[in-house]
Amino acid sequence: MTQRIALVTGGTGGIGTAICRELAAAGYRVVANYFPPELQDAQKWLAEQQADYQDMHIAAADVTDFDSCAAMVKSIEADLGPIDILVNCAGITRDKTLKRMSPEQWHAVINTNLNSAFNITQQVITGMTERGFGRIINISSVNGQKGQFGQANYSAAKAGLHGFTMALAQEAAAKGVTVNTVSPGYIETAMTSAMPTEVLDMIVNSVPVGRMGSPEEIAFTVAWLADERNAYTTGANIPVNGGMYMSA
Ligand code: NDP
């Protein structure tokens with residue numbers, strides 16, 4: 001069997017890096033998408049990863065731009081082959097209470113965290129269904145499940161992402177393509193280290209497991225969903241949040 005190819009958007013970020021490494025360790029050819037202006041950082045990242053995983057690659061696209069995503073997928077498919085596993089992981093925060101939120105802050109978060117899923121997934125879904133195999137994994141957030149003060153934009157985008165998951169899961173289920181959401185709680189990355197310490201301490205105190213999660217714990221769940229043997233889990237939202245939010 002030919003080696004499966006995985007594309008991870010935001011692949012050079014905190015959680016993205018752990019996902020790329022976990023998928024590479026599982027034997028996939030991995031392509032990490034990065035934001036085009038960050039070429040130098042992405043090249044440095046690649047050199048570090050290739051010390052452990054030779055078959056790691058990088059590809060530029062702004063996930064908020066449909067044409068940029070189309071061009072990236074075309075070039076990956078020409079160079080390496082069709083994409084079998086897509087992890088939509090790129091994301092940003094622009095926190096403000098709604099009354100102080102600018103239209104730019106609203107649109108930036110919706111474009112990067114939600115519209116991106118359409119922009120990229122549209123490029124790969126037809127190929128996946130035609131070949132009869134695909135794994136699409138959308139990285140949402142506990143705050144898409146429960147809402148969060150100061151995050152109307154982020155919570156809306158992340159909740160919307162799971163709506164996208166459930167609809168596409170139904171469209172693709174009979175064709176061997178599963179679509180799932182992973183909803184992390186608070187994970188130790190640059191995104192959370194930018195938060196004030198007292199806010200983080202308060203959050204950690206509310207986590208039953210008693211600590212923040214690691215990017216590797218998210219990556220492990222993603223690899224489980226990506227596995228070929230995992231063909232009967234679809235349209236699911238898998239929480240990886242230390243028990244911070246539980247639902248039936
Ligand atoms: P990072 O900021 O480390 O990673 C986000 C990645 O997305 C970065 O590589 C960033 O690139 C990339 N990105 C942002 N905008 C674009 C764009 N327009 N085009 C292409 N790439 C882009 O954050 P995390 O690793 O913490 O987050 C990864 C995902 O996990 C996000 O979707 C986030 O919402 C979600 N998440 C994170 C949690 C946490 O506690 N850390 C909790 C719950 C969910 P660049 O750095 O160059 O801008």
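One-based numbering, in listed order, for ligands and for the atoms of each.
- Between R131 and E77 no salt bridge is recorded (no basic side-chain N to carboxylate O distance below 4.0 Å).
- For ligand 1, the 4.0 Å heavy-atom shell contains residues G10, T12, G13, G14, I15, N33, F35, E38, A61, D62, V63, T64, C89, A90, G91, I92, T112, I139, S140, S141, Y154, K158, P184, G185, Y186, I187, T189, M191, T192.
- The side chain to side chain donor-acceptor pair (under 3.5 Å) test applied to T64 returns D62, not counting sequence neighbours.
- Proximity of a side-chain donor or acceptor of Q3 to a complementary backbone N or O of G27 within less than 3.5 Å is detected.
- Between the side chain of T126 and the backbone N or O of Q122, no donor-acceptor pair lies under 3.5 Å.
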Could you go step by step and tell me if N88 and T121 meet the side chain to side chain donor-acceptor pair (under 3.5 Å) rule?
CA-CA 8 Å; N88 285 311; T121 311; 3.2 Å; yes
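- Counting heavy-atom neighbours within 6.0 Å of K175 NZ, excluding the residue itself, gives a total of 12 or less.
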